[in-house]
Asker: 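Sharing a structure below in structure tokens format, with a few things to ask.
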Amino acid sequence: MANLILSLSLVVITWSSLALAHEPSPLQDFCVADFNAAAVRVNGFACLDPKQVTPDHFLFRGLNIPGNTSNPLGSFINRPTVLEIPGLNTLGISTVRVDYRPGGVVPPHRHPRASEILTVLEGTVLVGFVTSDPENRLISKVLQKGDVFVFPLGLVHFQQNVGQGNAVTIAFLSSQNPGVIAIANAVFGSDPAINADVLAKAFQVDKSIINKLQAAHN
Ligand SMILES: *[C@@H]1O[C@H](CO)[C@@H](O)[C@H](O)[C@H]1NC(C)=O
């Protein structure tokens with residue numbers, strides 16, 4: 001009997017730690033982020049006392065406002081995370097608006113903690129992701145207004161406005177804090193830099209080309 005209780009307790013403990021280690025599966029209605037509870041270390045943020053929670057903790061305004069796409073990539077990303085919407089804490093979701101001028105891109109990148117589902121609100125957008133197994137296969141489409149496309153968790157993906165006018169997309173991600181690794185920035189713009197010889201061999205090009213790429217990303 002004692003053994004049975006011990007085994008059951010272990011199962012309960014295992015399940016509890018699983019519940020705490022992953023989003024979502026909240027254990028209460030909500031856990032609005034308490035940014036001041038610095039002493040408490042948890043996966044995410046500690047929960048604000050529910051009595052102190054207000055509607056504004058669940059609100060973000062301004063995703064209707066076009067971003068400024070006058071930059072080398074020709075795109076603008078507005079990505080409110082748990083830091084802007086404390087009510088997102090532990091819920092495992094977030095959203096992002098991207099504006100693109102004609103030709104504008106969101107360069108190849110990955111979200112270590114989120115799948116992404118994207119909808120085109122305006123324009124014509126080329127999207128794609130690359131599989132990891134059994135080979136690096138490109139899965140790609142040209143999307144029109146109203147089309148929806150999915151980028152699976154962690155895979156490298158990109159977007160480009162291939163239409164005549166501006167484009168707008170809205171996406172939702174399966175994490176309050178999806179993270180973003182822009183491949184070119186991570187590989188060529190790290191600080192300190194990755195040894196150019198490593199990159200010359202990895203990309204099978206002359207070191208001078210790597211030096212140029214590193215200069216362009218610093
Ligand atoms: C957009 O950004 C460019 C480059 O930084 C800047 O020159 C321009 O004034 C900005 N436009 C608006 C409307 O803010």
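Just so you know, ligand 1 is whichever comes first in the structure, and atom 1 is the first atom listed for that ligand.
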Asker: May I ask you to check whether Tyr100 and Gln160 show a side-chain donor-acceptor distance below 3.5 Å?
Answerer: no
Asker: For atom 5 (O) of ligand 1, grab the closest protein heavy atom and report residue, atom and distance to one decimal in Å.
Answerer: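 In this structure, atom 5 (O) of ligand 1 has Ser70 O, 4.3 Å as its nearest protein heavy atom.
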Asker: Do Ile117 and Leu153 belong to the same hydrophobic cluster, where Ile, Leu, Val, Met, Phe, Trp and Tyr are linked whenever their side-chain heavy atoms lie under 4.5 Å apart, directly or via other members?
Answerer: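 No, because Ile117 and Leu153 fall into different hydrophobic clusters, even though each may have its own neighbours under 4.5 Å.
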Asker: Could you check whether any side-chain heavy atom of Ser94 comes within less than 4.5 Å of a side-chain heavy atom of Pro80, counting everything from C-beta outward?
Answerer: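 The answer is no, as the side chains (C-beta and beyond) never meet within the 4.5 Å cut-off.
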Asker: Examine Ile183 and Phe188 and state if one hydrophobic cluster contains both, with Ile, Leu, Val, Met, Phe, Trp and Tyr joined whenever side-chain heavy atoms are less than 4.5 Å apart.
Answerer: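 Same hydrophobic cluster.
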Asker: Scan the protein's non-hydrogen atoms and note whether one is under 4.0 Å from atom 9 (O) of ligand 1.
Answerer: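 Given the 4.0 Å limit, the answer for atom 9 (O) of ligand 1 is no, no protein heavy atom qualifies.
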Asker: May I ask you to identify the nearest protein heavy atom to atom 1 (C) of ligand 1, giving residue, atom name and distance to one decimal place in Å?
Answerer: Asn68 ND2, 1.5 Å
